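Only one structure is covered here, and it is reproduced in the block below.
All values reported here derive from a predicted model rather than from experimental measurement. Just so you know, these numbers use all the heavy atoms, side chains as well, and skip hydrogens, waters and symmetry mates.
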Amino acid sequence: MVKYHSIEHVSTAPESNGGGLYTTPADAWHGDLRLVCSCWAMETQFMMLPTNSSCADVVKLWRVCEPEQEQPGGAEVTLCPGEGRLELVAFHPTSSGLLAVGSTKTAQLWDTSRQQSPLAALEPHGDQLQSLSWKQDGSLLASSCKDKKLRVFDPRAQLKPVQSAQGLQSNKDSRILWVKDSDHILTTGFDQMRGREVRLWDSRKLGSSLGSANLGTSNGHCLTEAPTRGVAMVPKLALDVLSCEVMRVLQLTDSFIVPINYHVPRKSGQEFHADLYPDTLGRTAAMSAAEWWKGGEKQEAPVRGCSTSSSPLSSPSSSAAPSRSPSSTSGLSSGFLPSPSQSAKAISSMLGPSSKFRHLQGAVLHRDTHFTNLKGLNLTTPGECDGFCANRHRVAVPLATAGGQIAIFELSQAGKLADTGLPTIQNSVNVADFSWDPFNSHRLVVAGDDAKIRVWQVPEGGLTETLTEPETILQGHTEKIYSVKFHPLASGLLASSSYDQTVRLWNLESGDEVKALRGHQDQIFGMAWSPDGKLLATVCKDGKLRIYDPRKSADPVQEGAGPEGHRGARVVWVCDGKYLMVSGFDSRSERTLYLHSVESLSSGAIASAPTDVSPSTLIPFYDPDTSVVILTGKGDTRVYIFEIVPEAPYFLECASFNSSEPHKGLAFLPKTECVVQEVEVARGLRLSKTSIEPVAFRVPRVRLFDDFSDQVSEAPKEVQVRKYLPSSHYLEEKTDEQKKDELLSAMIGKLGNMDDNPLPQESFQGVEDDEWVSDTHTNTNVHTDTHTHTHTNVHTNTHTFTHALVSFRVTSVCCLADQSGSSSSQGPVGLKRVIPVCH
């Protein structure tokens, strides 16, 4: 960690035994850090000049001298609270020598001039003390605790808190801070879904917060080049006011300290802007600790403005980094605070791009649309399976009963299910994956552990009796099947992946295997058809991402590096099929999203976005209308939402959807089921342990439109009418290269061999340039228009004949090309061989 509480010095704690403390002058950033002291135990909290505390039950105050002076060999003051492990220290903002010390459950006030006993010991907290903060005028002390309570103390009035309330939602680490000189308190911590959040409170009424913000969806991040180990704010007096610097923080990384400057852009520089710099506190204490304890209310004399010259930390060359200072680069480590006079566009450009769907909200629909009282669900489906699947009419859910049974629920018959047994589909083997036919809402294909694919036909109105005989059984794989995927445009065409490391294509109409794709060296995690249905992408455990053109070759046409982790992955085509998004794991088992360009798959990922650490793979759903991808994993309570754009930064994070209990899967319905009048962009079904709940994802708008013509840009676009072709048409359709080869072959066959059948002009005799002269009786002009057609005008001028115009048009343009490969439409052609070329 790093603590900076002096304009002249910066101190850090090294990661080594002995509790060493490093300090360096602020104007000596290129020198080595100097070891000031070495205690017998590792320090857990310290403050730069004049105090630090060890992890034992003592607090030591050190006097740091100027660089040219010899540093003291021992602590100037030693305090012994005697309450066990010390966690926190906080100096009083207006009084000298007054220190708040926090142990495991107790906070004490100490006057450093009297080391025998504390001024006061506040009432113990219910659990571990996590944070302390003084109000700016020094009258009140606020604390946050692991028992989720916020407390406000007036130590001079009573030792018990004057305000106390259950404010935090999680017992994980938290911080508390007073907002300027107001009665408002700011807290940071975690919500029930383990997401980081900030809340604003009124210290006079802690019953409920005034507002909150989720840090995970904020678009005002300051990106840094290295992981942060600690951060501290520089005092206001060290800021460079002439460059409109309003804040400066120090980032501690593994190897250097980086100053990060925040500026407000102003047209007029080198002058003082009073609106940016209100009066700030000086460096002289208003009173002593004893005077404050007796009821003193003196305040520090305010200082007008800040430093008028650039401080040592503001120079790019003064960074302690071994290379260039991040503050001098393209803004990665430079933050900006917008001026009120700046337009929204200027603010957006400073903060970086943000998604227009960043406020996308997920809402569970009314209980009347839920399926409840579900029993005996199969919660251990393979990782390659989505868990369940749905179409616009019905949903299929696997059951844990023997025989690989699948229950079918009609969406039009939602409600509480009966306790009696339901009619099911019995596969007689464990179910590996299953999927609805997008062109036949009654057809369900199920892949089993026995390497067979069963095709079932669900009757109109749903199941009335248990089905035991499938319509068709597809056999060809030699080992267990991973997953099945229907073709997006050709009906009856199915792709399946298996443990035999092959992907096979099936014609459901004939029940035949039509293609076997090879090239995989390990387990196939996922596969996806391109939007136009021409290509098939796969991601494999061997660390490869592959693209196949099934009609061209059984081998991949492109290969590239996939995710580093080998726990699972999914792939989906995005941005009109120009990119592949892969959801997988990095080398540290953190769930990460990767974006690959289809044109250069071998170059690796062009962007990545880490999410969190969890054992389940994030399952993506991509909406091509909005370019929004929605992801969640089995057993998760959070649904991630990103907008994907074809330029940097590629991933734009949106507000996430959280549920109160873990879900077992999330399946999405066709876009035709969205209510566009409510700006609904996607609708899914959430499967929990005992229910199925519809979830609508909407873009919030103040005024909803009443008809489709009034829709805003974020509303779902018109669903295109796709032409569903039979699988035979897809399999027989020729590729563009095949069509080109056939056309060239036909042309060669038509013209014949040039050596055996020379062209008529081969026998023509050439003429010299001086023979091309104008006749006094005949004048011939040939004009060629190479844009659309050719006109030839022949003018004959004699004594007895009148002018005649002969014009003809040809449908294709011809030029003359010599054997050297050049073309020309001007001047005579010599003895070289000429060939007509049609364009």
Side-chain angles (χ1 to χ4, degrees), residues 384 386 435 437-439 482-497 502-507 514-520 524-540 544-562 569-584 593-603 605-607 619-629 644-646 650 668 670-671 717 719-727 729-739:
E384 294 76 23
D386 292 348
S435 178
D437 189 335
F439 311 128
Y482 293 123
S483 59
V484 290
K485 294 289 182 183
F486 274 97
H487 193 278
L489 299 178
S491 64
L493 184 62
L494 181 72
S496 62
S497 61
T502 64
V503 175
R504 300 175 188 260
L505 305 185
W506 307 87
N507 186 346
V514 295
K515 197 78 171 182
L517 307 180
R518 55 182 179 266
H520 299 91
I524 304 171
F525 285 142
M527 57 184 177
W529 289 98
S530 61
D532 57 7
K534 295 181 179 180
L535 304 175
L536 180 69
T538 65
V539 57
C540 185
K544 294 290 185 179
L545 189 62
R546 296 175 173 86
I547 295 180
Y548 291 85
D549 188 345
R551 294 177 296 185
K552 181 180 179 181
S553 173
D555 296 315
V557 295
Q558 282 197 75
E559 282 190 5
R570 295 297 180 93
V571 61
V572 64
W573 297 76
V574 298
C575 299
D576 297 325
K578 298 178 181 178
Y579 296 90
L580 284 173
M581 194 213 74
V582 180
S583 165
L593 307 181
Y594 301 91
L595 193 66
H596 298 259
S597 174
V598 174
E599 295 181 354
S600 56
L601 194 63
S602 59
S603 301
I606 61 176
I619 303 173
F621 164 78
Y622 178 70
D623 177 22
D625 294 334
T626 59
S627 194
V628 167
V629 61
I644 302 180
V645 293
Y650 299 101
F668 283 85
K671 291 297 289 290
K717 299 176 183 178
V719 178
Q720 299 179 354
V721 179
R722 297 183 295 178
K723 296 181 179 180
Y724 304 140
L725 303 176
S727 57
H729 185 279
Y730 168 83
L731 297 171
E732 296 172 0
E733 185 181 1
K734 298 179 177 62
T735 63
D736 294 339
E737 293 184 2
Q738 291 174 335
K739 294 177 181 178

Trace of the side-chain contact (heavy atoms from CB on, under 4.5 Å) decision for His596 with Tyr579:
CA-CA 6 Å; His596 298 259; Tyr579 296 90; over 6 Å; no
Check whether any side-chain heavy atom of Arg518 lies under 4.5 Å from a side-chain heavy atom of Asp555, and answer yes or no.
yes
Result for side chain to side chain contact (heavy atoms under 4.5 Å, CB included) between Leu494 and one of Val514, Asp437, Val484 points to Val484
Side chain to side chain, Met581 and Pro620, heavy atoms closer than 4.5 Å:
yes
Here the gap from Ser496 atom OG to Met527 atom CE, rounded to the nearest 0.5 Å, amounts to 6.0 Å
How long is the straight-line distance from CD1 of Ile547 back to NZ of Lys534, given to the nearest 0.5 Å?
14.0 Å
Flag the pair Trp529 / Pro550 as yes when at least one side-chain heavy-atom distance between them is below 4.5 Å, and no otherwise.
yes
Taking C-beta and beyond as the side chain, do Trp573 and Val598 meet within less than 4.5 Å on heavy atoms?
yes
For the residue pair Ala528 and Val572, what are the closest heavy atoms and their distance?
CB-CA, 4.2 Å
From Glu599 atom CD to Gln558 atom CD, the distance as rounded to the nearest 0.5 Å:
9.0 Å
What is the minimum heavy-atom distance between Phe439 and Pro488, and which atoms define it?
CZ-O, 3.1 Å
Answer yes or no: is there a donor N or O on one side and an acceptor on the other, between the side chain of His487 and the main chain of Gly533, under 3.5 Å?
yes
When rounded to the nearest 0.5 angstrom, what is the spacing between CD1 in Ile619 and CD in Glu384?
10.5 Å
Is there a side-chain contact between Leu580 and Leu601 (heavy atoms, below 4.5 Å)?
yes
Is the closest side-chain heavy-atom distance between Arg570 and Asp386 below 4.5 Å?
yes
Between Ala495 and Leu505, what is the shortest heavy-atom contact and its length?
CB-CD2, 3.6 Å
Rounded distance [0.5 Å steps], CG in Leu593 versus OH in Tyr650
15.5 Å
Answer whether the closest heavy-atom distance between the side chains of Val503 and Tyr548 falls below 4.5 Å.
no
First locate atom OG1 of Thr538, then atom CD of Glu559, and finally report the distance between them rounded to the nearest 0.5 Å.
8.5 Å
Would you say Tyr622 and Ser627 are linked by a side-chain donor-acceptor pair, where the criterion is simply a distance under 3.5 Å?
yes
